[in-house]
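Numbered from 1 within each chain, the chains take letters A, B, ... in sequence-line order. Quick caveat, the model's predicted, so the values are computed rather than measured. Atoms considered below: every heavy atom in the structure, side chains included; atoms not considered: hydrogens, waters and symmetry mates.
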2 protein chains.
Amino acid sequence: MRVKQIADALEISADSVRYYTRIGFLVPSKSHNGYKYYRPADVTRLRFILSARSLGFSVNDIKEILFTSSQTNAPCPTVRRLIEQRLKETEQRYQDMHKLRLRMRKAMSEWENTPDQHPTADTICHLIEGFTALKS
Amino acid sequence: MRVKQIADALEISADSVRYYTRIGFLVPSKSHNGYKYYRPADVTRLRFILSARSLGFSVNDIKEILFTSSQTNAPCPTVRRLIEQRLKETEQRYQDMHKLRLRMRKAMSEWENTPDQHPTADTICHLIEGFTALKS
DNA sequence: GGTAAACCTGTGTGTTGCTCACAGGTCAAT
DNA sequence: ATTGACCTGTGAGCAACACACAGGTTTACC
């Protein structure tokens with residue numbers, strides 16, 4: 001299979017496949033014209049990569065998992081350790097995003113009843129500067 | 001003020017100040033030894049930048065707002081338009097993160113009762129591959 | 001005056017996970 | 001042979017900073 005074929009098969013962009021190839025996750029064979037040819041093993045591998053990505057693992061995590069697995073060791077302990085870390089980070093970012101979301105909503109509704117104003121010597125935008133001045 | 005002083009005053013890293021300077025948001029004067037010196041106007045400007053960032057505006061948004069404001073136009077319409085876009089994006093990412101978070105939690109709890117397993121010819125990590133196989 | 005350590009500086013590069021631009025190659029139809 | 005559609009790999013770009021590094025500055029002490 002060539003790059004677009006494997007990309008279409010797994011419903012991702014050809015550029016993504018090229019990326020995973022570039023970082024060594026996929027190792028296609030090269031034909032006479034320089035094109036890269038992917039084999040069924042690459043499909044399995046790519047499918048695994050996508051599954052892991054969709055579970056929040058980073059590319060570096062995947063590298064570690066692939067390496068462990070290639071040593072014929074069970075990667076499960078590594079996977080359990082990593083998902084715990086990633087979940088913790090995700091919860092944190094989720095909280096942060098939640099707060100940001102509320103701030104943005106509050107600003108938007110507040111600004112609906114605030115008249116426009118021209119910038120002055122020490123004011124760039126009174127909406128923004130006025131809003132955050134109230135916050136802790 | 002030199003870079004670290006202004007950074008400490010606004011509780012951000014000196015590297016962030018350097019970044020904003022590099023992209024032209026701050027325009028310090030240069031002294032004989034090549035050091036950059038920031039004036040009170042830069043503090044005002046930086047404070048504005050941080051307020052905007054904390055409201056979810058991108059650096060590019062801020063560039064647009066600063067430009068409008070420098071033309072002595074009221075940047076308010078621009079600001080209203082931008083926050084609406086950014087809020088929409090934030091809501092979307094919030095939803096995505098929520099789903100990811102649930103998937104990760106589900107995977108983690110599911111894997112607590114799943115035994116380790118060595119990789120095989122067509123299995124890299126049965127935890128990951130087994131989990132996502134169930135998903136839509 | 002000297003000098004050593006602590007602290008600070010600007011510039012250049014690295015980060016994540018891809019996406020985009022581009023110059024050229026391939027292939028089927030004419 | 002030649003047109004046109006489609007495909008290819010490589011290199012650069014993105015966001016918003018953080019980091020590495022070689023060297024300059026300042027302070028404390030003799």
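- Under a 4.0 Å N-O distance rule, the pair A:Asp15/A:Arg18 qualifies as a salt bridge.
- Distance A:Leu46 CG to C:dC18 P: 11 Å, rounded to the nearest Å.
- To the nearest angstrom, P of C:dT16 lies 13 Å from OH of A:Tyr20.
- When each of B:Arg86, B:Arg93, B:Gln85, B:Gln92 is checked for a side chain to side chain donor-acceptor pair (under 3.5 Å) with B:Glu89, only B:Arg86 meets the rule.
- Note: CG (A:Leu50) to P (C:dG17) measures 13 Å, nearest angstrom.
- Among the protein residues, B:Arg53 comes within range of the sugar-phosphate backbone only, with heavy atoms under 4.0 Å from sugar or phosphate atoms but none that close to a base.
- Residue-level contact check: B:Arg22 touches the bases, meaning some heavy atom is under 4.0 Å from a base atom.
- Running 5' to 3' along DNA chain D, contacts with non-hydrogen atoms of chain B at under 4.0 Å begin and end at D:dA15 to D:dT25.
- As rounded to whole Å, 16 Å separates atom P of C:dG25 from atom NZ of A:Lys36.
- Judged as a side-chain contact (heavy atoms from CB on, under 4.5 Å), and not counting sequence neighbours, the contacts of B:Gln71 are B:Phe67, B:Asn73.
- Nucleotide C:dG14 holds its C1' atom 16 Å from the CD1 atom of A:Ile23, rounded to whole Å.
- Within 4.0 Å of A:Asn33, counting heavy atoms only, lie sugar-phosphate atoms of the nucleic acid but no base atom.
- Place A:Ser13 and B:Gly34 on DNA chain C by their nearest nucleotides, and B:Gly34 ends up nearer the 5' end.
- Residue A:Lys63 places no side-chain N or O under 4.0 Å from the OP1 or OP2 atom of C:dG17.
- Computed from coordinates, the B:Lys4 NZ to C:dA6 P distance equals 16 Å when rounded to whole Å.
- In the model, A:Tyr38 has a side-chain atom that pairs as donor or acceptor with a side-chain atom of A:Thr21 under 3.5 Å.
- B:Arg18 comes within 4.0 angstrom of a nucleotide base, judged by non-hydrogen atoms across all strands.
- The listed nucleotides are C:dT19, C:dG25, C:dG10; the one nearest the side chain of B:Val3 is C:dG10.
- A salt bridge links B:Arg80 with A:Asp116; the closest basic N to acidic carboxylate O contact falls under 4.0 Å.
- The distance from atom OH of B:Tyr35 to atom P of C:dC7 is 15 Å, rounded to the nearest whole Å.
- Between A:Ile12 atom CD1 and C:dC18 atom P there is a gap of 8 Å when expressed in whole angstrom units.
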